[in-house]
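In this chain, residues are counted from 1 in sequence order.
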Amino acid sequence: MNEEESKQSNSFSESKSSCCSNTSCCAPQTPVKRDLPKVGRNDACPCDSGRKFKKCCGQ
């Protein structure tokens, strides 16, 4: 491993440790609640275009 690669690996390992990995300093995340049920790729698009979601708003 050359010097540049070792610097990159060190910076990567430093970026892994953050404040939020410690639960004592940060509040736990709350789950996201959807208003509507999840739209699948092959379901009809909710914008009422008549197309599949993947060909309309899912792009």
Distance-only criterion, 3.5 Å: show the donor-acceptor pairs between side-chain atoms of residues 25-35 and protein atoms not counting sequence neighbours.
none

Extract all donor-acceptor atom pairs below 3.5 Å that involve side chains of residues 41-51 and protein atoms in other chains or at least two apart in sequence.
from	atom 1	to	atom 2	distance (Å)
N42	OD1	K54	NZ	3.0
D43	OD2	G40	N	2.9
S49	OG	R51	N	3.3
R51	NH2	K55	O	3.4

Worksheet entry | For F53, the rest of its hydrophobic cluster, which grows through side-chain links under 4.5 angstrom | V39
